[in-house]
S.K.: 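Please find one structure pasted underneath; my questions will follow.
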Amino acid sequence: VTVYLNGYHGDTSCMFFAGRPKKRASALCKATREAMLAGIKVCGPGVDFREVGKAITQSATEAGYTVHPTLEGHGIGSYFHGRPAI
């Protein structure tokens with residue numbers, strides 16, 4: 001799901017189930033959403049990007065999952081999925 005308005009892109013990261021998910025799939029989706037929200041919660045002016053990654057990793061770990069060590073985010077703006085790679 002995305003939006004393009006006045007020359008700029010928006011981006012969202014959501015999963016939707018088609019049909020009835022297995023408990024394991026449902027638990028994974030819940031944990032990933034909670035990890036994303038944990039990362040968003042620490043965002044703000046002057047906050048180092050590493051703090052976002054730490055919050056995501058901590059949330060995932062507490063839910064019993066791991067985060068790939070080369071997980072990377074991306075910038076958005078007038079160019080979709082552009083720099084900076086974070």
Side-chain angles (χ1 to χ4, degrees):
V1 178
T2 190
V3 66
Y4 184 74
L5 181 64
N6 298 328
Y8 289 89
H9 296 272
D11 192 8
T12 184
S13 198
C14 293
M15 289 188 253
F16 302 92
F17 294 113
R20 184 173 223 183
K22 294 183 179 181
K23 287 183 182 180
R24 190 171 163 193
S26 182
L28 174 62
C29 287
K30 180 181 179 201
T32 57
R33 178 166 174 75
E34 289 174 357
M36 177 187 69
L37 294 174
I40 291 170
K41 186 175 181 178
V42 300
C43 288
V47 176
D48 191 296
F49 284 119
R50 289 173 287 199
E51 296 304 315
V52 177
K54 287 177 188 177
I56 291 169
T57 299
Q58 181 178 349
S59 178
T61 301
E62 289 173 359
Y65 297 95
T66 58
V67 175
H68 195 278
T70 61
L71 172 69
E72 173 176 289
H74 58 80
I76 58 170
S78 60
Y79 181 77
F80 197 59
H81 289 170
R83 292 182 181 213
I86 55 169

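Position 1 is the first residue of the sequence, and the numbers go up from there.
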S.K.: Would you say that F17 contacts C29 through its side chain, given a criterion of any heavy-atom pair below 4.5 Å between the two side chains?
M.R.: yes

S.K.: Between CG of L37 and OG1 of T32, what distance do you get to the nearest 0.5 Å?
M.R.: 9.5 Å

S.K.: Spell out, as yes or no, whether a donor-acceptor pair under 3.5 Å connects the side chain of S59 to the backbone of A55.
M.R.: no

S.K.: Of all heavy-atom pairs between G19 and P21, which one has the smallest distance, and what is that distance?
M.R.: O-CD, 3.5 Å

S.K.: For the residue pair V67 and A60, what are the closest heavy atoms and their distance?
M.R.: CG2-CB, 3.7 Å

S.K.: Run through the side-chain heavy atoms of Ile, Leu, Val, Met, Phe, Trp and Tyr, join any pair under 4.5 Å, and report what else lands in L28's cluster.
M.R.: Y65

S.K.: V47, I40: one ILVMFWY side-chain cluster at the under-4.5 Å cut-off?
M.R.: no

S.K.: Could you pull out all residues at least two apart from E62 that satisfy side-chain contact (heavy atoms from CB on, under 4.5 Å)?
M.R.: Q58

S.K.: For N6, which residues count as a side-chain contact (heavy atoms from CB on, under 4.5 Å) partner, sequence neighbours excluded?
M.R.: none

S.K.: Would you name the heavy atoms of V52 and C43 that are closest together and state the gap between them?
M.R.: CG2-SG, 3.9 Å

